[in-house]
4 protein chains.
Amino acid sequence: MGSTYGQLYRFTVFGESHSPGIGVTIEGLPAGFRPDREALRAFLKRRAPGRNEYSSARREADEPLFEEGLDADGRTTGAPLTVLIRNTDIRPADYEAFRTVPRPGHADYPAYVKTGRIPSGGGKWSGRMTAPICIAGGLARQLLAAEGIRIEARIESIAGLHDPDPFTESTEDKVFPVSSPDPLTAKRFQDKILAAKAAGDSVGGTVECRITGLPAGLGDHPFDGLENRIAAAVFGIPAVKGIEFGDGFALSALRGSQANDAYRPENGRIVTESNHCGGILGGMSDGMPLLFRAA
Amino acid sequence: MGSTYGQLYRFTVFGESHSPGIGVTIEGLPAGFRPDREALRAFLKRRAPGRNEYSSARREADEPLFEEGLDADGRTTGAPLTVLIRNTDIRPADYEAFRTVPRPGHADYPAYVKTGRIPSGGGKWSGRMTAPICIAGGLARQLLAAEGIRIEARIESIAGLHDPDPFTESTEDKVFPVSSPDPLTAKRFQDKILAAKAAGDSVGGTVECRITGLPAGLGDHPFDGLENRIAAAVFGIPAVKGIEFGDGFALSALRGSQANDAYRPENGRIVTESNHCGGILGGMSDGMPLLFRAA
Amino acid sequence: MGSTYGQLYRFTVFGESHSPGIGVTIEGLPAGFRPDREALRAFLKRRAPGRNEYSSARREADEPLFEEGLDADGRTTGAPLTVLIRNTDIRPADYEAFRTVPRPGHADYPAYVKTGRIPSGGGKWSGRMTAPICIAGGLARQLLAAEGIRIEARIESIAGLHDPDPFTESTEDKVFPVSSPDPLTAKRFQDKILAAKAAGDSVGGTVECRITGLPAGLGDHPFDGLENRIAAAVFGIPAVKGIEFGDGFALSALRGSQANDAYRPENGRIVTESNHCGGILGGMSDGMPLLFRAA
Amino acid sequence: MGSTYGQLYRFTVFGESHSPGIGVTIEGLPAGFRPDREALRAFLKRRAPGRNEYSSARREADEPLFEEGLDADGRTTGAPLTVLIRNTDIRPADYEAFRTVPRPGHADYPAYVKTGRIPSGGGKWSGRMTAPICIAGGLARQLLAAEGIRIEARIESIAGLHDPDPFTESTEDKVFPVSSPDPLTAKRFQDKILAAKAAGDSVGGTVECRITGLPAGLGDHPFDGLENRIAAAVFGIPAVKGIEFGDGFALSALRGSQANDAYRPENGRIVTESNHCGGILGGMSDGMPLLFRAA
């Protein structure tokens, strides 16, 4: 049942790497919401492969088609919303060599054990399936923005090279070739990628995400806290092998007195001097920016 | 709804730091299973505070009482199982000073925003609530052991000091004062703790868990994979701020060719030369040991 | 996983006919709610066996013990609430004869197939397990009453003899010996029961439930509508074999023009002239009293 | 979240009366299953309107398009399956008159309260949405048939006229004009419908369903029993106002001794002399045919 995520806002992704299309059905959207299609397209471009020399070769337009759930005015009706993307660049021949030999580091082998075949092009385990997830996420992000909640992400490291700048400048609506607001850092990231590519290889990296504007008190410990829920979503992205909130693993080397964030009042509300905990205490938002990194 | 975890084996923890008792109700146990109470007690001792000078001061017997769900022969009936632990060491006065001032690094402040009060002794956010979780986990572990699946955990680092040995020796049924099979490492861990304690402080650490005997193909990508599920459970432990599978964050500094685990046949089955992925590919077990670390 | 019901207000019942006690763990109660114990006791008395000559012989005090989840002031803390009832009248010998022969019309035979044994005294299938369900329901009823939503039930027929009066008078807080506000009807109901009892037999009946004060628009068609949810709960009561909303089965003999309820404005809101649909249209409340009967 | 049903086999319906199409996404299908499209088409024809003079006027081809989830051989891959039906007969003008006035007996009014508009053509509350439910059900039925479980349904009454014959003859794969194997009964049913139609009206009825081949012991009392689950699904069909299992409401007029089904051995297994309980005891299948009627 792994293709579904969420409770009050719940979506199911469907389709595969080499099926006619991929898509998502979303339940829980309020009636009367008019998706901003232009903003959604810009959001999808940030993940789209094939757009430049730094990402993988596959080229897809990734045009989201709102099939069901909008009325004649382009507004949600209260019924589920189904959005499709046509797979226009299917070249099964590209993957033919892999049909009988499982690729190391891919899902091919356990997928074979589970389903009796090696999925064509990665099947539902393909990185391409992040596109419908981004549609569900991009629309949720539009709804949250209307509540003053802003979600931003950046590349924090590539091949062990970390962005030296803190995550302070808003990156919203910016599409970087290889995502850094600083041209020098962007150049270094690109060099890492091109060097690996020249060697017929790929590189790892970390992504950092920041959510601001959350009220305090969201999340239900122990198993429905923000960390539980966010981690359960983020591991849905293929190849993610770790997640940490706030200072994360670095906190494990510290003493409690160094890790705790002291409170102080500021403009009539409670803030913390530092944010080692990444805006989450006891599984709940504490009103500070929520910060996490995924490897 | 955060007090419940699981699907086919599902449990709800209840009680609080300063309530008469704490406990857990478990659904999904097969009928006719006879819990090994002695093994469960030994398992609970590994987490129990108050047993030695290295852990926090609270002393509790943590005797699990099987209240409902067993027949006269001590076997499950197919109905839910409820196990209680009496809170025998409640000294609310100890915590009195915290009733009106939220403790930094604790859930007090967001809990106050959420519920209108600062919970006594940490309420349901108390580390003590890991005891009923350990009961549910300890019984699941007994059921899995009967299927040849072994779950082990060790302290992998304390205050930045890492256990230099790989996690090869079985630690099952061993209760270490401060958990290392190597006396020298154990001594160093203890020194770290005592030094912090002498300074009126505490220390962080990482725990490593290894699961062997899993068949390949378990887990349903993208949102019901093993990483999603395990992370959603592990973040239920208070103060956990990060989790990584296999080489985790270290993989983000590598190239793909270094990170992928090559297959080879061994004794009629498929194994991998290395295990960078921690036994999970595409959210599914691949038949190698499942490895993760929590900060 | 059948022992759990509900989404935003969710409870798990545990215990069995012959276990030390029975109880319920409830999640989703708002913090700061003070259960009215006296009202809950009165509510439980309406279902309690052993109180008079018309119900079955078993005698239990059914005193609800609030074990966990209330603070020193008797208010919910936001953590789950666990309420127990001790089984004080366990006489396994009474049931001994049934241990090897399944009783007709009881769950014994399929329970044997499922669990490998015939459950003592009906096990978790015993009618006694409605007591913890009534605790969860009685507390929910108190919370809803504070929102102006009133839930009432009455015996509508016994052994085919129907209460000739419409369900207009409030029965709230009344405990009838055999539940009818009209002494003549009550007497006839009692005669039916005593006649069956004298013959060493029992009788069937129907219960009618009315919910007033619901706002229009609650429920999510097709599978999370009010009828779906209420039916899924009501079939949790042992021996219920049918449920109908509004005029129910009688509607199947009518034409559409006879079954539809015409709208008219009344005091600034929309009401219907009749209520054949039992206050539910398209799975949603329509603002009229919700009515259903269970056999 | 009402558009989703099921646990191990779970589906979400989407689309509306007047959207470009309607469809269903199904999770939980085993990999390697090849849907029998011809059998599915025949199954869908049994519910399709517009095929004869006895059903409503709307005409749709209802051709199920398998969009995603099948491989080149027409077999499931283990990923979710999405099946679409194009809405080819949308004539919003037909419904124009209803846009501002809620139709009695329809979901229009509570839908307006809930979503702020009267849904065009009934929106997601339209009877047309039973088509994707039938796709999910028709495929489940094919899977169950392979396990020896047969699901059949018939019209049991129309406008109060009951089919005098018991439900003994298999109706599988038969498509009746107005569904009765007996020509005389079929004629009487048709007369009832035509008489109402001539008066510009419609009629109610009851449908009976029989499931054979179920092993004993399926279902988990109290809230995940067969009655709970089936009722929760059946009330997803618009206009259903009641459901009863076995003898249902008729049982409420009987004594226990008349209602209980006596056991006897037959050909090495346990059967019951009668089947008043409709094949369900304690929420579990008892091995006899499961029988229910919906109004």
Side-chain angles (χ1 to χ4, degrees), chain C residues 1-2 4-5 102 104-107 109-111 113-114 124-125 129 157 159-160 196 201-206 216-217 220-225 227-228 231-232 235-236 241-246 248-249 251-257 259-263 270 277 281-286 295, chain D residues 1-2 4-5 102 104-107 109-111 113-114 124-125 129 157 159-160 196 201-206 216-217 220-225 227-228 231-232 235-236 241-246 248-249 251-257 259-263 270 277 281-286 295:
Chain C
M1 297 302 151
T4 300
Y5 181 80
H106 288 71
Y109 169 65
V113 172
K114 190 187 187 81
K124 72 170 185 173
W125 294 271
M129 291 307 295
S157 76
D201 212 334
S202 59
V203 288
T206 54
D220 194 14
H221 180 77
F223 299 116
D224 232 1
E227 288 140 333
N228 312 255
F235 281 113
K241 298 304 283 186
I243 188 169
E244 59 182 3
F245 294 84
F249 278 88
L251 286 173
S252 71
L254 302 182
R255 290 193 173 178
S257 59
N260 294 335
D261 304 301
Y263 294 104
I270 300 292
C277 73
L281 286 171
M284 295 172 286
S285 54
D286 69 357
Chain D
M1 297 302 150
T4 300
Y5 180 79
H106 288 72
Y109 169 66
V113 172
K114 191 187 186 81
K124 73 169 184 173
W125 294 271
M129 291 306 295
S157 75
D201 212 334
S202 58
V203 288
T206 54
D220 195 12
H221 180 78
F223 298 117
D224 232 2
E227 288 141 333
N228 311 257
F235 281 113
K241 299 304 283 187
I243 188 170
E244 59 181 5
F245 293 84
F249 277 88
L251 286 174
S252 70
L254 302 183
R255 290 193 174 178
S257 59
N260 293 335
D261 304 302
Y263 293 105
I270 299 294
C277 73
L281 286 171
M284 294 173 285
S285 53
D286 70 357

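Nothing here was measured: the structure is a model prediction, and the numbers come from that model. What you see below is based on every heavy atom in this structure, not just the backbone, and it leaves out hydrogens, waters and symmetry mates. Letters A, B, ... mirror the listed sequences (proteins, then strands); counts begin at 1.
Of the listed residues Lys124(D), His221(D), Lys114(D), the one with more heavy-atom pairs under 4.5 angstrom with chain C than any other is His221(D). For the set Gly160(D), Pro104(D), Gly217(D), Gly282(D), the count of heavy-atom pairs under 4.5 angstrom toward chain C peaks at Pro104(D). Of the listed residues Phe249(D), Tyr5(D), Tyr109(D), the one with more heavy-atom pairs under 4.5 angstrom with chain C than any other is Phe249(D). Contact count versus chain C (heavy atoms, under 4.5 Å) is highest, among Gly236(D), Ser202(D), Ser252(D), for Ser252(D). With respect to chain D, the highest number of heavy-atom pairs below 4.5 Å among Ala262(C), Gly256(C), Ser257(C), Pro222(C) belongs to Pro222(C). Contact count against chain C (heavy-atom pairs under 4.5 Å) is highest for Ala295(D) among Ala259(D), Ala295(D), Gly225(D), Ser285(D). Interface summary for chain D: among Asp224(C), Thr4(C), Asp220(C), the most heavy-atom pairs under 4.5 angstrom belong to Asp220(C). Taking Ala216(D), Gly248(D), Gly205(D) one by one and counting their heavy-atom pairs under 4.5 Å with chain C, the maximum is reached by Gly205(D).
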#### Entry: Full working for side-chain contact (heavy atoms from CB on, under 4.5 Å) between Met284(C) and Trp125(D)
CA-CA 10 Å; Met284(C) 295 172 286; Trp125(D) 294 271; 3.2 Å; yes
### Message
For a side-chain contact (heavy atoms from CB on, under 4.5 Å) check, start with the C-alpha distance between Glu227(C) and Lys241(D), then their side-chain angles and the critical distance, and finish with the verdict.
### Response
CA-CA 8 Å; Glu227(C) 288 140 333; Lys241(D) 299 304 283 187; 2.8 Å; yes
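When heavy atoms are compared at a cutoff of 4.5 Å, Leu254(C) approaches chain D solely by way of its backbone atoms N, CA, C and O. Of the two parts of Ala196(D), the backbone and the side chain both hold a non-hydrogen atom closer than 4.5 Å to a non-hydrogen atom of chain C. Proximity to chain C is limited to the side chain of Asp201(D), based on heavy atoms less than 4.5 angstrom apart. Contacts between Val203(C) and chain D at a heavy-atom distance below 4.5 Å involve backbone atoms as well as side-chain atoms.
Remark: His106(C) NE2 to Asn260(D) CG distance equals 7.0 Å, nearest 0.5 Å.
Remark: side-chain polar atoms of Asp286(D) are not paired, donor with acceptor, to backbone N or O of Pro110(C) under 3.5 angstrom.
Closest approach of Ala231(C) to Ala231(D), counting heavy atoms only: CB-CB, 3.8 Å.
Ring orientation note: the planes of Phe245(D) and Phe235(C) are nearly perpendicular, at an angle over 60° on the 30°/60° scale.
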